[in-house]
Amino acid sequence: MSVSDQEWREEAQRVEQVVDVIHKRIHDLTEQVSDVTTDIVSIRKHFWDDVTVNFEDAIEAVETYASIKQQAEVLSERERAHRHAVKQLKILRRLEQNPYFGRIDFLEEGERQAEPVYLGIASLLDEQDEAFLIYDWRAPISSLYYDYTPGPASYDTPAGRVDGEITCKRQYKIRDGRLLHLFDTGVTIGDELLQEVLGKQADTQMKSIVATIQKDQNRIIRNEKSRLVVVSGAAGSGKTSAAMQRIAYLLYRYRKTLQAEQVVLFSPNALFNSYVSTVLPELGEENMQQTTFQEYAEHRLGSQFDLEHPLEQMEYVLRAMEEPGYETRLEAIRWKSSAAFMHIIDQYAERLKQSGLIFRDIAFQDRKLIDARQIHEFFYSLDTSLPIPNRMVLVARWLLTELKKRERSERRKPWVDDELELLDKEEFAKAYQQLRRKNQFHEESFDDFDRERDLLAAKLVKRAFKPLRLMVRELGFIDTPGIYRQLFSQPEQIEILLPDGKRSGNWPAICEQTLLRLEQNQLSYEDTPAFLYLQERLEGFQTNNLVRHVFIDEAQDYSPFQFALIQRLFPRAKMTVLGDWNQAIYAHAFDQDSFEAVASLYEPAETETFLLTKSYRSTRPIVEFTRQLIPGGERIEPFNRDGLKPSITRVQDEAARKDWICSRVHSLQENGHQTIAIITKTAAEAKAAYEQLRDSLALRLIGSGTITFESGILVIPAYLAKGVEFDAVILHDASRESYGHERERKLFYTACTRAMHELHLLYSGEVSPFLADVSPDACEWIGS
């Protein structure tokens, strides 16, 4: 809708006025920061000058403590003021460039005049601190902008629902403090603004999307009631962006009670962590905690096992098809990640209440102090109605008492006398002084030397037993690896524990394969969640009650075990899970729905599910091509952004492939594309492609250890590219040989959906069967 010249002038003038206010605020804050910095330096420099230190008696000591405390509090207050001012300066400098992006005029029910509401990344009051020049996009009234077209509208506040009418809705393009464009719109986000944002080049880090949040994304962001929020969305539908804005919204909404460290994001890998690390700081918020499930597993089990990394498992699945036992391993991966196997572990744990637990000897200097059979007998003498973790606590108390008895008898052992001979004079002097203080030293008595020896012996033994006491407190007397191994030593027992209707004809081979790895102290990735789950059933779930919100991205790759562990690890947290079933590339997710697994942990009334079907990342031609690669792809809606059709090019040999890639990369760079990904199927293929191209192109090889995402030409395996995006993608090998098995379809789709502007596929020999059903009009075939 067009805007009159008069309105344009008024809006441009308002931008100038707001920017002037921001400039003045920046100037004042800069001076304030300088003054506070000076204060802090001065206080630190002269801290002890203003403190009277006197410890002559108790009263003087108390006054000294109070003086130090007062000075420390002054310093702490100044440092807090400095941090707050610096934070505000960062926000103001962002507002200085682009103070706001939208406006609504809202006529509240019962009022005569509509109030103009301007939206930006942060709130800004006028110079009198009375009226809002800019409203934070997360403010309750701001939801009107995202949820309604002009007409009747309402929004929720802590005080209740406010009804009224939107009389005007306007969007702005402001750069460097200057109004470049504005237009009235009848939709949430005008295509023109979204086209501009989506048409830009890919960045090395995800950017804030507050100016282009869509209505369905806004409902996800502002959901406060549900304990579980499930977001299932197509590739490029803005799932991760919505998650980051949701975190920012929650930190704003509950700013008095919620801190950034009380929010945890489980992400697919370190590269992804780098990619999203700037979104919250851009909005003036601290970053949440970021981790991966593998990092958690390494923390818990890294000292016990050589843990297989999920990407190692992925490489095995993609490359080891000709190796003996491959199909058995695939079946094991599926079973051990399933709800049925979780049922097996639960039933196994129930049986262990009555019998079957395995314990370790408590040994000292290659001698058994407490035999494992004694521990076994004591455990099973306890009330069987008590949960196993409660009984383990009682066992630990009993063992600590037994260790005290063993300590006393150990003091007269020969090794103690040997150790006493090696003690220096200082140790004997300390023992002498200790006995003097206890009045246990007599004038030249033969007993004095015995007392001194006994005291030192007690200390020596206590010090030597310290690791044993620590091991007992940490329940190290439970042989959890042995208990887990025992489960597979009798395949017929597993069949008994299976839920009705669930049977596997290959259990003996799976068990044999599992035992072989366990004997080598290796824990496969599919065994890791199951082992952790069993360990928690035996020892008690370790919980973190401080975390209030947990986010899981790429949730389609998680097993029921992983969801159950995370839920019990953070029992007071609400959970937001995001994923795309069409990108479930791990072997365990081929035939089970991860979203059903997490939903089963919550009551239906506690859960809200959102489905995002519109894809914004890629151009319309790319989305129309990629949605034909998967079943049900017709439900994916492309955003109307024009571009080139994907190309599928046949090359004769490796030399032709190299020449084509080098030529295409140069062409892409000339067209302004800065982030170009050459995507391979595996890490081995990525390394080979890198070696082939490195002399002709300045490129970077991305591997599992890469922790930063940088622009340029990247060679990257498809499974590492998941979750990020690139200006252009070259699929290194789209042949049947590389992508010929149905289980690789989702990986193929994932690789193709990383492209924002251009997608090019290469193949030699026979093309992948996944392209057989693609309409000839959806792509350009070259040389076939």
Side-chain angles (χ1 to χ4, degrees), residues 18 88 91 94-95 98-126 129-172 185 187-189 208-227 229 231 238 241-260 262-263 279-280 282-286 548-549 574 576 608 610:
V18 170
Q88 289 299 110
I91 294 172
R94 287 207 65 212
L95 287 176
N98 184 9
Y100 46 87
F101 54 81
R103 165 188 168 181
I104 50 170
D105 291 359
F106 184 65
L107 179 61
E108 188 176 332
E109 203 171 77
E111 297 291 332
R112 294 183 177 180
Q113 188 171 353
E115 177 192 0
V117 176
Y118 291 83
L119 282 71
I121 63 160
S123 296
L124 180 72
L125 288 165
D126 62 15
D129 286 344
E130 293 177 354
F132 280 97
L133 297 175
I134 306 170
Y135 282 84
D136 193 299
W137 67 275
R138 297 166 288 186
I141 196 171
S142 301
S143 65
L144 294 168
Y145 175 77
Y146 300 112
D147 289 342
Y148 291 97
T149 58
S154 61
Y155 66 97
D156 294 319
T157 73
R161 194 173 186 84
V162 178
D163 295 308
E165 180 185 357
I166 296 176
T167 60
C168 174
K169 189 168 187 178
R170 185 167 288 174
Q171 296 173 32
Y172 303 88
T185 179
V187 296
T188 304
I189 301 298
S208 164
I209 61 161
V210 295
T212 57
I213 292 170
Q214 303 295 290
K215 184 176 180 178
D216 48 4
Q217 294 168 334
N218 193 47
R219 289 177 56 227
I220 296 166
I221 291 166
R222 294 175 186 264
N223 183 295
E224 299 176 28
K225 298 177 182 178
S226 305
R227 283 200 67 208
V229 174
V231 183
S241 296
M244 300 307 294
Q245 312 307 317
R246 174 167 167 75
I247 295 171
Y249 171 78
L250 292 168
L251 291 173
Y252 171 86
R253 173 70 176 84
Y254 299 100
R255 52 194 176 279
K256 293 183 179 179
T257 57
L258 182 67
Q259 305 299 318
Q262 294 175 292
V263 181
V279 177
L280 291 180
E282 272 189 10
L283 298 171
E285 301 290 354
E286 297 286 330
R548 290 292 184 268
H549 287 273
K574 293 182 176 180
T576 303
E608 187 162 5
F610 298 89

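This structure is a prediction, so every number in the text was calculated from the model and none was measured.
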Any heavy-atom pair between the side chains of Q245 and V279 that's under 4.5 Å?
yes
Measure the CG-CG distance between L95 and L133 for me, rounded to the nearest 0.5 Å.
10.5 Å
Could you work out, with ring pair (Phe, Tyr, Trp, His ring centres under 6.0 Å) as the rule, every residue matching F132, not counting sequence neighbours?
Y135
R246: salt bridge (Lys or Arg N to Asp or Glu O under 4.0 Å) partners, not counting sequence neighbours:
none
Flag side-chain contact, heavy atom, 4.5 Å: R548 against T257
no
Salt bridge (Lys or Arg N to Asp or Glu O under 4.0 Å) partners of D216, counting only residues at least two apart
none
Indicate yes or no: at least one non-hydrogen side-chain atom of K574 is less than 4.5 angstrom from one of V229.
no
Scan T157, D156, I141 and name whichever one has a side-chain contact (heavy atoms from CB on, under 4.5 Å) with V162.
T157
What pairs with R227 under side chain to side chain donor-acceptor pair (under 3.5 Å), at least two apart in sequence or on another chain?
none
Side chain to side chain, R222 and S143, heavy atoms closer than 4.5 Å
yes
Which residues pass the side chain to side chain contact (heavy atoms under 4.5 Å, CB included) test with A248, sequence neighbours left out?
W137, R138, L280, L283
How many angstroms lie between CG in D136 and CG in L119, if you round to the nearest 0.5 Å?
8.5 Å
Name all residues meeting the salt bridge (Lys or Arg N to Asp or Glu O under 4.0 Å) criterion together with E224; count only those two or more places apart in sequence or in a different chain, and write none if there are none.
R253
List for me each residue that meets salt bridge (Lys or Arg N to Asp or Glu O under 4.0 Å) alongside E115, sequence neighbours excluded, and say none if there are none.
none
Under the side chain to side chain contact (heavy atoms under 4.5 Å, CB included) test, which residues partner N98, sequence neighbours left out?
I174, R175
Let me confirm one number: the CD1-CD1 distance from I91 to I121, rounded to the nearest 0.5 Å.
6.5 Å
Output for pair (F101 CZ, I213 CD1), nearest 0.5 Å, gives 7.0 Å
Of all residues at least two apart in sequence or in a different chain, which pass the side chain to side chain donor-acceptor pair (under 3.5 Å) check with Q262?
none
For D126, all residues meeting side chain to side chain donor-acceptor pair (under 3.5 Å), sequence neighbours excluded:
none
Between V263 and L250, is the side-chain contact (heavy atoms from CB on, under 4.5 Å) condition met? List the steps.
CA-CA 10 Å; V263 181; L250 292 168; over 6 Å; no
T167 side, atom OG1; L107 side, atom CG - distance, nearest 0.5 Å
6.5 Å
Less than 4.5 Å apart, any side-chain heavy atom of L258 and any of L251?
yes
Could you grab the distance from atom CD1 of I247 to atom CD1 of I221, nearest 0.5 Å is fine?
11.0 Å
Can you name the side chain to side chain contact (heavy atoms under 4.5 Å, CB included) partners of S154, sequence neighbours left out?
Y148, R161, D163
Please list, chain by chain and in numerical order, all residues satisfying side chain to side chain donor-acceptor pair (under 3.5 Å) with R103, sequence neighbours excluded.
E11, D105, Y118
Nearest heavy-atom approach of I134 to P99 is CD1-O, 3.3 Å
